[in-house]
Each structure stands twice: as C-alpha cells, then as structure tokens.
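Right, one structure below, let's go through it.
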Amino acid sequence: MQRHYDYTFFNYKMVLMTVLLLLCAIPSMRAQEWKLVWSDEFNTKGQLDTAVWNYENGFARNHEDQWYQADNAYCKGGKLIIEARRLKDKERRNPLYEAGSNDWRKKREYIEYTSSSVNTAGKKEFLYGRFEVRAKIPTAGGSWPAIWLLGTGMDWPSNGEIDVMEYYRIGGVPHILANACWGTDRQWNAKWNSAKIPFTHFTDRDPKWADKFHTWRMDWDETSIKLYLDDELLNDIPLSTTINGKLGMGTNPFRKPQYLLLNLAIGGDNGGTIDDKAFPMKYEIDYVRVYQKEPTDRQYWCNLLYKMAEPVLSNMSVGKLKQNMQLELSPRWDGRNKDVSYMECFGRTMAGVAPWLSLPDDDTAEGQMRKQLRDWAVKSYAHAVDPKSPDYLGWNKHGQALVDAAYIAESFLRAPSLWNALDTLTQQRYIKEFAGLRRYTPVYSNWMIFVSMIETFLTTVSDDYDKYRIHIGLRKMNEWYVGDGWYSDGPGFAFDYYNSFVIQPMYVETLQVLNRLKKGVRVSDKEVATAEKRLQRYGMIQERLISPEGSFPVFGRSMTYRLGTMQALAMLAWQQKLPKELSEGQVRAALTAVMKRMYASPDANFNEGGFLTLGFAGSQPGIADVYTNNGSLYMTTLAFLPLGLPADHSFWTSPSEDWTSKKAWEGKDFPKDHAYYE
C-alpha cells in the first residue's frame with residue numbers, strides 16, 4: 001500500500017507540475033502568435049531615417065499654434081524626442097503671412113511656437129496587426145501629443161482615422177482619448193467612436209504617472225479595433241459599424257492599409273491654454289513596434305482579393321469608376337478607344353470574384369467583406385448597362401467589347417445568384433447588349449471562344465441566342481488542340497499562358513453548361529470528359545511550373561495579367577476536379593506561395609487610388625502590350641476561384657503540402673511526369 005501510495009502521489013505531483021507549466025506557458029504561446037514585422041527603436045543619433053519617416057512642415061490643422069519643422073524631432077539616447085519650443089517675440093516671421101487674410105495659417109504674422117510631426121505615409125503602411133508605442137508624454141497646459149493612423153486614397157474622414165492616443169483638454173480638463181472616425185454623407189464631417197478618459201483616472205492611481213513611460217497598444221483585425229493603455233482596454237470599436245457614408249461610397253476605411261503619425265501639437269482647438277513656462281516641452285518615444293499574425297491561407301486570399309476588387313466595385317457602384325480610376329495605358333498604346341479599359345476592369349474582376357460572392361451570408365469578418373462586395377457588384381452590374389450612367393460601358397465602341405462581355409457573361413455562369421439579384425430591367429438590358437455584340441466578327445484566335453461564351457450564357461436566360469456562334473467557337477477550339485493538354489491560340493502555336501487566361505477555362509465551362517442544359521448546341525458527356533481531361537493535364541503542368549520559391553517562368557505575351565496565369569489550376573480546384581496526382585493541400589500551398597511572392601510589395605503593385613499598376617510583380621510598364629491598360633490586369637483575380645468553396649471545405653482545411661518542384665529541389669521523392677495521349 002505504501003508503495004502504491006507513493007506512486008500515486010508521484011503521479012499527482014507530475015500532473016500538477018505539468019498543469020502549472022502549461023499555465024505558465026499560455027501567455028508565451030499566445031505572444032508567439034504575433035510576429036514582429038517592423039519596428040523603430042530609435043537607436044541612432046540625430047534625425048530620423050527618411051527612408052521610413054516624413055516630416056510635416058508649416059501650420060498643419062486644427063488652428064494649432066505650432067509651426068511644424070524637422071529640426072524639432074531628433075533621436076538621442078535610444079529615444080525619439082519631439083520637442084516643442086517657444087520663440088522670442090517677433091523672432092521669426094511667418095513666410096505664409098498675408099495681411100488681411102481670413103486663412104488662419106496666413107493671418108499670423110509671426111511664428112510663436114515650433115514642434116514636429118512625423119509620419120510614414122508612402123513608406124510604411126499596414127493592414128491589421130498589433131501596434132505598440134512606449135512613450136512619455138508632456139501634460140503641461142497647451143500640450144497635445146498624439147499617436148495616430150490615417151488611410152489614403154480618399155479625403156478625410158472617409159480615409160479613416162485611428163487615434164491610438166491623444167492627450168488634450170476638454171472644457172479645460174485634461175483627458176486621454178482613444179478614438180476612430182470615418183466618413184458621412186457630408187464633406188469634412190466625421191462619425192466618431194470616442195473614449196474620453198479623465199486624466200485623473202490614471203493620476204489618482206499613480207501621482208507620478210506623467211513622469212513615467214507608458215505603453216499604448218492597438219490590436220486591429222478584420223472584426224475590430226481595440227485600443228489599450230498599459231494593458232487597460234480603453235475602447236473597442238467593431239468594424240461592422242465603421243462604414244463610410246455616400247462620399248466614401250460605403251467603403252470601410254479600416255479594411256485598408258493605414259500609415260502612422262507621431263506629433264506634438266500646441267494649443268489650437270483642443271490643446272487648451274498654453275503654459276509658456278513649460279517650454280521646452282518634450283514628447284519622448286522609446287519605440288514603435290508593429291506585430292502581425294500569420295493569416296490562414298484563406299484569410300490571405302480574401303484580404304488580397306478584397307484589396308483588388310474594392311476600388312473597382314465601390315466606385316462603379318455609384319457610377320464613378322471612369323471618374324476615379326487612375327487609368328494607365330501601355331507606353332505602346334495602339335490608339336483604340338480607351339473606354340475599353342473600364343469594361344476590362346469590371347468584367348475581369350467579376351469573373352474572378354463571382355464564385356466567392358455566391359457563398360451565403362454569415363457574420364464572420366470574411367462574410368462582411370463578401371456581402372459588401374456583393375452589394376457593390378449588383379449596383380455595378382446595373383451601371384454597366386444603364387445608358388444614362390456615367391459608367392455605362394462601351395458595348396458598341398470597339399470589337400474589344402467581345403472579350404470582356406464574355407467575362408461578364410462568365411461571371412453570371414459562375415454565380416447565377418448574381419444574375420438573379422438583378423432587377424428585370426437590368427437583365428433585359430444585358431440580354432440586349434449581349435445580342436448586340438453580334439455586330440462584331442471575332443479575331444481568328446482565342447476570341448472565337450468569347451463569342452461562344454456570350455451566346456452560351458444567353459441560352460440560360462433567353463431564347464435569343466446564336467447557335468452558329470456557339471458552334472464555331474467550340475469547333476475551332478477542338479481543332480486547335482495540339483496534344484498533351486495544350487491548345488494553340490489560332491492556327492499557329494504560341495508558347496504563352498493563353499491556355500490559362502482564356503482557352504481552357506472558357507472552353508470547358510461552355511461545354512459543361514451546354515451539356516447540362518441540353519439547349520443550344522448539343523454537347524455529349526464524352527466531349528465534356530475529354531475537355532476536362534485536357535484541362536487536368538494542363539493543370540498538372542502548371543503545378544510543376546511553380547518553383548520552390550513560389551515563382552514561375554515568365555514567358556509569352558500579356559504577363560501583366562499576373563496571377564491569371566494560374567486560372568486553369570484554380571478552376572480545377574474550385575470545380576473539385578483536380579487530377580489524382582495533385583492533392584488539395586499542395587495546390588493551395590503552391591498558389592498561396594505564388595500570391596505572396598508576386599504581391600510581396602503591395603505599394604509597387606497598386607497606385608494611390610488602390611488600382612493595379614502596369615506590371616508583373618510591381619510597376620513595370622515596359623512589358624505592357626499595345627492593347628494593355630491597367631484595367632486589363634484584373635485578369636489576376638481569376639486565380640481566386642477556389643474562394644467559391646466554403647471555408648470548411650477540405651481545400652482549405654487540409655494540411656499544407658509541398659508542391660512538386662519544392663519536393664524535387666529539396667531532394668524529396670516526387671512523382672514522375674508522363675505525357676497525356678488521347
């Protein structure tokens with residue numbers, strides 16, 4: 001019994017020790033979820049690193065009394081010091097001064113105070129993460145230190161503002177604030193979510209609070225912005241509420257990147273009465289750190305696709321795509337009507353996002369993004385065919401309309417729910433516009449399948465369809481099959497990615513629809529099976545082209561279509577028709593690696609308005625063809641088709657696996673390759 005008792009007691013002790021160790025490890029485990037992605041520890045001497053930081057200059061905002069200049073911000077002793085100084089009377093004249101001016105910046109004859117405001121605009125911008133700033137703030141009369149963030153691409157407040165920290169007086173009483181604001185229907189009018197905590201809340205607990213450094217923190221993700229001071233939650237702002245008004249086109253500014261600002265203002269609207277005896281005032285920042293969690297593959301895909309689609313659909317939903325899209329044409333533009341750019345932008349975007357938008361609504365962060373895009377998409381579809389809309393697309397201006405009308409038709413085939421969401425008048429307008437495209441004869445190339453796609457869609461919604469235009473496209477695609485999963489683009493073979501951009505997906509989808517509906521051109525089960533087998537073989541080749549590092553060979557024309565090169569492989573995954581040689585885990589991992597490699601530098605791939613730039617993995621206009629504009633580039637969305645599979649589908653839940661080239665170049669076993677013969 002004694003020995004049994006000792007053994008049991010020993011087990012209890014081991015269990016207790018294990019539990020205690022696990023409990024102790026939990027904070028560490030949680031902390032490991034965050035990865036430091038950028039910081040500035042200010043361990044230099046003198047001015048800030050201008051590769052990261054910008055300096056404001058002059059009188060800035062809020063009727064503040066200070067003149068901002070670079071000289072008042074400097075690094076010393078491992079800290080950034082922002083120093084506000086009081087100048088002697090009439091020591092320095094305001095260079096903006098205009099006698100009799102009503103502008104507060106110009107009517108001041110002399111500069112009385114100087115300070116600094118620094119920011120990372122255009123150099124460091126972030127979407128989501130944990131932001132930490134350790135600082136000691138001045139609290140004397142007139143001081144108004146802040147840690148804040150702003151978005152770009154829209155006027156304030158539709159660009160969004162997050163105030164991680166503001167210190168100022170309300171009715172003469174000092175407060176610490178934690179805020180966010182966004183746009184309304186009125187210019188310069190903001191909707192605020194503010195937490196205003198009396199300064200005594202902190203000093204009653206620690207009378208020497210102002211003499212110490214404190215840590216301000218923001219935890220920002222797809223669902224909320226949480227603002228902390230020394231781990232005390234000050235404000236919790238749900239992103240479901242932060243929707244811009246009409247001027248911001250119903251966008252959510254906090255689902256876009258923001259840049260950081262640090263400044264020490266003096267007086268103005270909120271600083272209060274200035275204590276001239278308190279100068280020089282010093283705002284000391286020990287460090288700025290940004291952490292981010294590694295998103296799941298699906299989260300990464302959703303965020304990236306939303307970033308691409310949001311500027312297109314938010315603008316077009318209110319008839320402002322043509323007005324606001326920062327159009328970029330090829331340096332070798334062939335002179336065709338530039339209005340084709342907008343149909344390309346919209347049509348290709350919709351073909352890529354349609355499967356995702358067809359999923360049912362839910363209350364997740366992804367679901368909110370999806371619902372927002374869908375709402376914009378339905379309105380955008382209406383503008384596209386409304387002759388009175390500024391965004392009426394050029395259906396009858398150029399034969400190029402055949403191409404991108406086919407992508408719009410494809411979007412309806414990929415997500416019939418989007419077609420069903422349209423009002424009857426809009427549906428009738430589409431049927432008329434699609435039928436009107438018979439005025440154009442397709443180029444004797446992959447264009448043949450565009451007319452087949454358009455007419456095939458018409459078979460699903462109307463009796464007005466052209467059977468011959470369906471038949472000729474299908475016949476030519478089959479004639480141009482050259483073997484081993486490859487089609488030529490017309491009578492002559494070209495080694496490029498048009499099998500993925502256009503030929504394979506549209507040919508297979510057209511056959512599938514005609515076979516299912518038994519309307520239009522008769523298509524047998526065998527014809528569908530043959531085309532799908534060719535697509536599977538081509539998908540296997542595509543997967544092997546992805547290098548261990550997530551790159552792929554850059555050959556052929558239209559490389560500006562970026563991820564569109566991977567549409568064939570993506571479509572196989574979405575339709576759950578991957579060949580047995582390719583697992584879902586390896587295909588997802590390979591496509592994710594390509595996305596991350598290509599979009600590693602978002603600032604290089606998107607312009608100030610959030611639209612794609614001419615290039616392949618950045619701004620590279622020299623590779624654009626004569627027909628390329630930045631609307632063309634939205635072919636890249638076609639790689640995101642698997643988002644049409646629900647989040648709990650095995651494509652998303654299966655473990656990541658190495659893809660073929662990664663296995664091969666790392667000395668692991670990998671499958672042999674064999675040609676496909678019919």
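The analysis underlying the following values was restricted to heavy atoms, covering all of them including side chains, and did not include hydrogens, waters or symmetry mates. Quick note: residue numbers are just sequence positions, from 1. Keep in mind the model is a prediction, meaning the values are calculated, not measured.
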Worksheet item: With the threshold set at 4.0 Å, does a side-chain nitrogen-carboxylate oxygen contact exist between Lys256 and Glu125?
Response: no

Discussion item. Looking at Asp625 and Arg332, is any side-chain nitrogen of the basic one under 4.0 Å from a carboxylate oxygen of the acidic one?
Written reply: no

Worksheet entry | Aromatic contact, Phe457 with Trp419 (centres under 6.0 Å) | yes

Worksheet entry | Side chain His383, main chain Ser317, donor-acceptor under 3.5 Å | yes

Worksheet item: Between Asp221 and Lys293, is there a salt bridge with N-O shorter than 4.0 Å?
Response: no

Practice prompt. Flag the pair Phe450 / Met448 as yes when at least one side-chain heavy-atom distance between them is below 4.5 Å, and no otherwise.
Written response: no

Discussion item. Assess whether a salt bridge exists between Glu509 and Arg414, defined as any Lys/Arg side-chain N lying under 4.0 Å from an Asp/Glu carboxylate O.
Written reply: yes

Discussion item. Can you see whether Tyr444 engages Lys476 through a side-chain donor-acceptor pair at a distance of less than 3.5 angstrom?
Written reply: yes

Discussion item. Taking Gly618's backbone N and O only, do any of them form a donor-acceptor pair with Asn605's side chain (distance below 3.5 Å, no angle check)?
Written reply: yes

Item to complete: Would you verify whether the NZ or CZ of Lys35 falls within 45 degrees of the ring axis of Tyr291 while also being under 6.0 Å from that six-membered ring's centre?
Response: no

Worksheet item: Any salt bridge between Lys668 and Asp658, counting N to O under 4.0 Å?
Response: yes

Item to complete: Taking all non-hydrogen atoms of both residues into account, name the closest pair between Ser654 and Phe651 and its distance.
Response: OG-O, 3.9 Å

Fill in: pair Leu563-Thr637: side-chain heavy atoms closer than 4.5 Å
no

Worksheet item: Is a donor on one side and an acceptor on the other found under 3.5 Å between the side chain of Thr296 and the backbone of Gln299?
Response: yes

Fill in: Polar side chain donor-acceptor pair, Glu657 to Ser583, under 3.5 angstrom
yes

Practice prompt. Compute the centroid of each ring, for Trp333 and then for Tyr627, and state whether the two points are separated by less than 6.0 Å.
Written response: no

Item to complete: Considering only NZ, NE, NH1 and NH2 on the basic side and carboxylate oxygens on the acidic side, decide whether Asp339 and Lys397 come within less than 4.0 Å.
Response: yes

Worksheet item: Under 6.0 Å between ring centres, would you say that holds for Tyr634 and Phe346?
Response: no

Worksheet item: Should the ring pair Tyr430 and Phe434 be called parallel, tilted or perpendicular, given that the plane angle runs from 0 to 90° and is split at 30 and 60?
Response: tilted

Practice prompt. Indicate whether any N or O donor in one side chain lies under 3.5 Å from an N or O acceptor in the other, for Asn629 and Ser632.
Written response: yes

Fill in: Residue pair Gln567, Gln504: steps toward the side-chain hydrogen bond (donor to acceptor under 3.5 Å, both in side chains) verdict
CA-CA 9 Å; Gln567 181 185 195; Gln504 296 263 16; over 6 Å; no

Discussion item. With a 3.5 Å distance limit and no angle check, can you tell me whether Asp489 reaches the backbone of Asn446 through a side-chain donor-acceptor pair?
Written reply: yes

Practice prompt. Compute whether any side-chain donor of one residue and acceptor of the other, for Tyr599 and Thr636, lie under 3.5 angstrom apart.
Written response: yes

Worksheet item: Are Glu222 and Gln368 linked by a side-chain donor-acceptor pair shorter than 3.5 Å?
Response: no

Practice prompt. For Thr426 and Leu422, indicate whether the former's side chain and the latter's backbone hold a donor-acceptor pair under 3.5 Å.
Written response: no

Discussion item. Please verify the inter-ring angle class for Phe501 with Tyr498; under 30° counts as parallel, over 60° as perpendicular, anything in between as tilted.
Written reply: perpendicular

Worksheet item: Would you call Thr459 and Ile470 a side-chain contact if the rule is heavy atoms closer than 4.5 Å?
Response: yes

Worksheet item: Within a reach of under 6.0 Å around NZ of Lys518, are more than 12 heavy atoms found that belong to other residues, nucleotides or ligands?
Response: yes

Worksheet entry | Heavy-atom side-chain contact between Leu591 and Gln542 under 4.5 Å | no

Worksheet entry | Partners meeting side chain to side chain donor-acceptor pair (under 3.5 Å) with Tyr507 (sequence neighbours left out) | none

Discussion item. Strictly below 4.0 Å, N to O, side chains only: are Asp375 and Lys371 in salt-bridge contact?
Written reply: yes

Fill in: Residues Asp484, Arg534; criterion salt bridge (charged side-chain N to carboxylate O under 4.0 Å, His left out); working and verdict
CA-CA 7 Å; Asp484 202 23; Arg534 294 170 180 173; over 6 Å; no

Worksheet item: Does a donor on one side chain sit under 3.5 Å from an acceptor on the other, for Glu310 and Gln372?
Response: no

Discussion item. Determine whether a donor-acceptor pair (N or O, by modelled atom type, separation under 3.5 Å) exists between the side chain of Arg597 and the backbone of Phe552.
Written reply: no

Practice prompt. Flag the pair Asp404 and Arg348 as a salt bridge only when some basic side-chain nitrogen lies within less than 4.0 angstrom of an acidic carboxylate oxygen.
Written response: yes

Worksheet item: Are Trp480 and Tyr487 close enough that their ring centers fall under 6.0 Å?
Response: no

Worksheet entry | Test item: Ser500 side-chain N/O and Thr565 main-chain N/O as donor-acceptor pair under 3.5 Å | yes

Practice prompt. Under the side chain to side chain donor-acceptor pair (under 3.5 Å) rule, collect the residues that match up with Thr592, sequence neighbours excluded.
Written response: Trp301

Worksheet item: How are the rings of Trp376 and Tyr306 set to each other: parallel, tilted or perpendicular (split at 30° and 60°)?
Response: tilted

Item to complete: May I ask you to check whether Tyr538 and Trp486 place their ring centres under 6.0 Å from each other?
Response: yes

Discussion item. Show, in sequence, the C-alpha distance, side-chain angles and deciding distance for Glu543 and Thr660, and conclude whether the side-chain hydrogen bond (donor to acceptor under 3.5 Å, both in side chains) test is met.
Written reply: CA-CA 7 Å; Glu543 190 269 349; Thr660 303; 2.6 Å; yes

Item to complete: For Lys577, enumerate each residue passing the side chain to side chain donor-acceptor pair (under 3.5 Å) test, keeping only those at least two apart in sequence or located in another chain.
Response: none

Discussion item. Ring centres under 6.0 Å, that's the criterion: do Tyr561 and Tyr497 meet it?
Written reply: no

Worksheet entry | Phe611 vs Met308 side-chain heavy atoms within contact, under 4.5 Å | no

Item to complete: Assess whether salt bridge (charged side-chain N to carboxylate O under 4.0 Å, His left out) is satisfied between Glu666 and Lys662, documenting all intermediate values.
Response: CA-CA 6 Å; Glu666 292 178 0; Lys662 197 168 190 298; 2.9 Å; yes

Worksheet item: Taking atom types as modelled and ignoring hydrogens, do the side chains of Glu366 and Thr364 form a donor-acceptor contact shorter than 3.5 angstrom?
Response: no

Worksheet item: Any side-chain donor-acceptor pair under 3.5 Å between Arg255 and Asn303?
Response: no

Practice prompt. Answer yes or no: is there an ion pair linking Glu344 with Arg336, defined by an N-O contact shorter than 4.0 Å?
Written response: no

Worksheet item: With a cut-off of 6.0 Å (strictly less than), are more than 12 heavy atoms of other residues, nucleotides or ligands near CG of Asp673?
Response: yes

